[in-house]
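Since the structure comes first, as structure tokens, the remarks are kept for the end.
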Protein chains: 2
Amino acid sequence: MGLRERKKEKTRLALMDAALDLFLEQGYDSTTVDQIAGAVDVSPRTFFRYFTSKDHLVYWYHDQNEETMLETLASRPPGEPPFASMTHTLRALLQDMRDATPTDTERFLKVRRLMDATPQLAAHWIGRSVETERRLVEAIATRRGVDPDPLSHLIVTFALAAMRVGFECRPADQGGVQEMVSRIEETLRLVERSLRPGWDA
Amino acid sequence: MGLRERKKEKTRLALMDAALDLFLEQGYDSTTVDQIAGAVDVSPRTFFRYFTSKDHLVYWYHDQNEETMLETLASRPPGEPPFASMTHTLRALLQDMRDATPTDTERFLKVRRLMDATPQLAAHWIGRSVETERRLVEAIATRRGVDPDPLSHLIVTFALAAMRVGFECRPADQGGVQEMVSRIEETLRLVERSLRPGWDA
DNA sequence: GCAATATATGTCAGACTCTGCCACATGACA
DNA sequence: TGTCATGTGGCAGAGTCTGACATATATTGC
């Protein structure tokens, strides 16, 4: 990894950290790109070279997770029932979250707190997952050997529902990542129990 | 209804129609508020007095549907199983769509075509439904006599899944509202069949 | 090391969305 | 008809985001 790339990564993280801190401190809307760039000693123009928009910064983790899920799903054995592939994919993602470095976990929690404080960001976050869902549906349909149909769509939607519900519910606001992961895991089991055996065949 | 209110309604519809036509003709991003306002002979400033933002115009139907659903849900008999209340609510909404006037149907189809052509709008649309979902969850939880919990959330999510899936799938792009409604209805039945009897108790 | 090249950054001008403010016109109501 | 309430236009300005060009900094091959 060359010096150039290392510098870039460093700048990206610096921008993220500065932005998240400013957002949490004084609110998302009240924070300008100029402020963020200023805090990292970079021109505002440069900010937009790292993040396509002010909110793209917040969705960075979502984009990462999307990639992870698609990769995991592709690696599942071909004969596996489709909904089982989805639940395994989700559980792999949860494991990644458990294994993340403290620094990274810290950032993720900041993002989550930010979304609690800024409904529009939470809404956009969910909206973004539509595209993710579309790709997963395509992958599932391919695994099932059919064109994308309502059932493929439902297989993905039902699985992601656990993710969304567990993510949005917040019985204990101050809980860490472990707690959130447990809640998602629990919801996932609830989904599995609610479905008729063999419904996805 | 006074002259003033009639004029306002007329202006709002004129803005919507002009905007939708321009969006479909030359793209959402390439259309400016100045153009829309110009087409209706009002000042750009006035546009923002009717719609809080450029995209608010597109989400107008969503806001309407949200209100309808909340009202329908409130009118369901208290003893009804919660998921059945949700499916009835959805079916009432579908009936409203079937009963709409041709002019209104036309507008709705334009909105739908626009979202096919503009993924960011579709994403935002879904994101907006998070707030709707939150309110429905609250209503369902109240009906069940509990605080909002994962099961209440799932009851709503599973029902809305049919809506989303039926709305997003587009086997025949040129199909009318009737066809879309049928697709949603069909997906709703698929959801009902996939769930274990009594799962929402 | 040194040139040649590629890439990242800064600066500037400008378009577009959206808001606050004030003056003006038009509908509502006594 | 006169007064009041409300909708509208125009303007100034903040904030987001983009394109173009020049400059500084890595990378690569010699």
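What you see below is based on every heavy atom in this structure, not just the backbone, and it leaves out hydrogens, waters and symmetry mates. Numbers restart at 1 for each chain; the letters A, B, ... are given by sequence-line order, proteins then strands.
For Val42(B), whose side chain is taken as the heavy atoms from C-beta onward, the closest listed nucleotide among dG9(D), dT17(C), dG10(C) is dG9(D).
For residues 70-98 of chain B, the ring pair (Phe, Tyr, Trp, His ring centres under 6.0 Å) pairs, not counting sequence neighbours, are Phe83(B)-Trp199(B).
At whole-Å resolution of the value, CG in Leu15(B) and P in dG9(D) are 10 Å apart. To the nearest angstrom, P of dG27(C) lies 18 Å from CD of Glu9(B). Atoms CZ (Phe48(B)) and P (dG15(D)) sit 17 Å apart, rounded to a whole Å. Rounding to whole angstrom units, NZ of residue Lys54(A) and C1' of dC17(D) are separated by 12 Å. The separation between Gln120(A) atom CD and dC18(C) atom P is 12 Å, rounded to whole Å. As rounded to whole Å, 12 Å separates atom C1' of dT7(C) from atom CG of Leu3(A). Taking atom NZ of Lys8(A) as the reference point, atom P of dA6(C) lies 16 Å away to the nearest angstrom. Spacing between atom CZ of Arg49(A) and atom P of dG19(D) amounts to 11 Å, rounded to whole angstrom units.
Note that Lys110(B) lies outside the cation-pi zone of Phe23(B), set by a 6.0 Å cut-off to the ring centre and a 45° limit from the axis. For the pair Lys54(B) and Phe47(B), the cation-pi criterion (under 6.0 Å, within 45° of the ring axis) is not fulfilled.
Nucleic acid contact for Thr31(A): sugar-phosphate only, since backbone atoms but no base atoms lie under 4.0 Å from a heavy atom of the residue.
By the 4.0 Å N-to-carboxylate-O rule, Glu138(A) lies too far from Arg135(A) to be salt-bridged with it. Arg134(B) has a carboxylate O that lies under 4.0 Å from a charged side-chain N of Glu131(B), or vice versa, which qualifies the two as a salt bridge.
Between Tyr50(B) and the phosphate of dG7(D), there is no side-chain N or O to OP1/OP2 separation shorter than 4.0 Å. At dG10(C), one or more side-chain N or O atoms of Thr46(A) fall inside 4.0 Å of OP1 or OP2 (strictly under the cut-off). Between Lys7(A) and dA8(C), a side-chain N or O to OP1/OP2 separation shorter than 4.0 Å is absent.
Toward the 5′ end of DNA chain D lies the nearest nucleotide of Asp29(A), the other residue of the pair Asp29(A) and Arg45(A) mapping further downstream. Judged by closest nucleotide on DNA chain C, Asp55(B) is the one of Asp55(B) and Gly2(B) placed further toward the 5' end.
Taking 3.5 Å as the limit, the base of dG27(C) and the side chain of Arg6(B) contain no donor-acceptor pair of atoms between them. At a cut-off of 3.5 angstrom, counting only N and O atoms as typed in the model, there is no donor on one side facing an acceptor on the other between the side-chain of Arg4(A) and the base of dT27(D).
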